[in-house]
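Fair warning: this is a prediction, and the values are worked out from it, not measured in the lab.
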Amino acid sequence: MARKNNDAPNKRVMNKGAWTAEEDRKLAQYIEAHGAKRWKSVAIKAGLNRCGKSCRLRWLNYLRPNIKRGNISNDEEDLILRLHKLLGNRWSLIAGRLPGRTDNEIKNYWNSHLSKKIRATSTKLESIPQETHDTKPDPMDTRQSESSEVDFDISDFFDFTAEGCYGLEWVNKFLELDQSNVIN
DNA sequence: AACGAAGTCAACCGCTAATTT
DNA sequence: GAAATTAGCGGTTGACTTCGT
């Protein structure tokens with residue numbers, strides 16, 4: 001995993017690549033004591049020879065409390081598919097609806113698992129006569145929605161700034177809408 | 001057992017938006 | 001209001017792992 005460090009020789013050389021347990025510990029301890037803001041100074045004050053960006057990413061994707069790792073459930077997968085249909089590649093928004101999941105994890109999961117699934121499904125659909133999938137679109141078929149194709153402003157419809165929007169209320173709202181579209 | 005191909009995922013990069021000075 | 005700094009996002013890379021031959 002370690003990447004080559006090819007910074008200019010007279011520049012301060014920052015660590016790159018995989019994080020060590022020691023670096024993780026330093027970062028976690030510092031953030032616990034001082035909070036997660038001003039990543040550049042976090043990096044310096046925590047005694048990490050890393051750029052702020054790298055620290056932020058490590059914290060958000062790995063060290064943050066309540067992170068769920070691996071084993072994406074069927075429910076979560078279904079939700080990702082539906083949200084992607086609605087939002088397109090807006091991974092952070094999708095991740096925001098899946099407590100404990102990170103945008104990076106969802107993006108990776110999409111690219112390595114779901115995109116293939118979808119391709120397989122759409123290949124299957126191509127062999128089916130047109131009118132069958134005109135009337136009842138398969139939720140897995142995102143050919144028409146690689147990027148979101150809804151004809152309204154999503155943020156007008158859903159309040160993404162609201163606290164506690166991890167709840168299922170807005171999801172249900174969307175899923176109801178999705179269902180009624182299928183029926184019509 | 002050895003090797004190459006394909007899959008996975010942590011981390012980096014480049015860019016834009018938001019915030020601060 | 002302008003410039004500088006910081007935060008956050010999505011795309012991409014590349015080391016490691018797994019699988020097939």
Side-chain angles (χ1 to χ4, degrees), chain A residues 1-9 11-28 30-74 76-77 79-123 140 142-143 145-150 153-156 158-163 165-166:
Chain A
M1 192 74 60
R3 285 161 181 251
K4 288 187 193 91
N5 205 330
N6 52 358
D7 285 354
K11 254 184 157 178
R12 188 172 169 206
V13 179
M14 293 288 186
N15 284 350
K16 282 188 180 181
W19 280 66
T20 64
E22 175 66 9
E23 285 177 313
D24 282 347
R25 191 185 55 75
K26 281 182 181 175
L27 180 61
Y30 183 89
I31 289 173
E32 209 170 302
H34 302 95
K37 52 188 173 182
R38 298 244 161 205
W39 290 106
K40 203 175 171 182
S41 71
V42 166
I44 295 163
K45 289 177 183 167
L48 293 161
N49 192 24
R50 295 267 182 179
C51 67
K53 257 182 160 179
S54 181
C55 294
R56 176 186 161 270
L57 203 71
R58 185 63 178 171
W59 173 255
L60 291 178
N61 289 343
Y62 197 84
L63 297 173
R64 193 162 49 113
N66 307 322
I67 285 263
K68 272 195 229 167
R69 306 193 63 75
N71 298 326
I72 294 208
S73 67
N74 290 339
E76 285 176 311
E77 185 179 304
L79 190 52
I80 292 168
L81 285 162
R82 287 166 182 271
L83 289 170
H84 187 270
K85 191 177 176 188
L86 176 69
L87 301 169
N89 293 0
R90 293 162 79 176
W91 307 115
S92 63
L93 278 179
I94 295 173
R97 310 301 127 184
L98 290 149
R101 299 294 183 188
T102 69
D103 55 350
N104 210 31
E105 188 179 16
I106 288 169
K107 179 170 62 181
N108 282 334
Y109 188 74
W110 179 271
N111 289 331
S112 58
H113 296 83
L114 299 182
S115 61
K116 267 176 241 157
K117 235 179 183 176
I118 282 156
R119 231 177 294 140
T121 311
S122 56
T123 309
M140 305 282 269
T142 60
R143 279 171 302 167
S145 56
E146 263 309 296
S147 60
S148 175
E149 55 130 37
V150 286
D153 186 344
I154 292 155
S155 41
D156 284 347
F158 302 116
D159 182 8
F160 288 122
T161 62
E163 286 295 324
C165 50
Y166 288 135

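Residue contacts for A:R58: at a heavy-atom cut-off of 4.0 Å it reaches the sugar-phosphate backbone alone, with no base atom in range. Among the atoms of the strands shown, base atoms are found under 4.0 Å from some heavy atom of A:K53.
If you check distances only, the side chain of A:N61 never reaches the base of B:dA11 with a donor-acceptor pair under 3.5 Å.
Side-chain proximity of A:R38 to the nucleotides B:dC12, B:dC9, C:dT6 is greatest for C:dT6. With B:dA11, B:dC12, C:dA7 as the candidates, the nucleotide lying closest to the side chain of A:K16 is B:dC12.
Neither OP1 nor OP2 of B:dG7 sits under 4.0 Å from any side-chain N or O of A:S112. The shortest distance between the side-chain N/O atoms of A:R56 and the OP1/OP2 oxygens of B:dA11 is not below 4.0 Å. Remark: A:R69 is in phosphate contact with B:dA10, judged by side-chain N or O atoms under 4.0 Å from OP1 or OP2. OP1 or OP2 of C:dG11 has at least one side-chain nitrogen or oxygen of A:W91 nearer than 4.0 Å.
Considering only heavy atoms from C-beta on, A:H34 stays 4.5 Å or farther from A:K45 through its side chain. Residues A:Y109 and A:L114 are in side-chain contact: their nearest non-hydrogen atoms beyond the backbone lie under 4.5 Å apart.
Aromatic ring pairs are classed by plane angle as parallel below 30°, tilted from 30° to 60° and perpendicular above 60°; the pair A:W110 and A:H84 is parallel.
Remark: P of C:dG10 and CG of A:N104 are 11 Å apart, rounded to the nearest angstrom. As rounded to whole Å, 12 Å separates atom P of B:dA11 from atom CG of A:L60. Atom P of nucleotide C:dG11 and atom CZ of A:R90 are separated by 12 Å, given to the nearest angstrom. A:N108 places its CG atom 17 Å from the P atom of C:dC16, with the value rounded to the nearest Å. A:I94 places its CD1 atom 11 Å from the C1' atom of C:dG10, with the value rounded to the nearest Å. Distance CD (A:E105) to P (C:dG10): 15 Å, rounded to an integer number of Å. Atom pair A:N89:CG and B:dC15:P shows a separation of 19 Å (rounding to whole Å applied). The distance between atom CG of A:L83 and atom C1' of C:dG10, rounded to the nearest whole Å, is 17 Å.
Ion pairing between a basic and an acidic side chain is recognised when a charged N comes within 4.0 Å of a carboxylate O; A:E22 and A:R25 show such pairing. For the pair A:R58 and A:E23, the salt-bridge criterion is not met [side-chain N within less than 4.0 Å of a carboxylate O].
Between A:N111 and A:K107, it is A:N111 whose nearest contact on DNA chain B lies nearer the 5' terminus.
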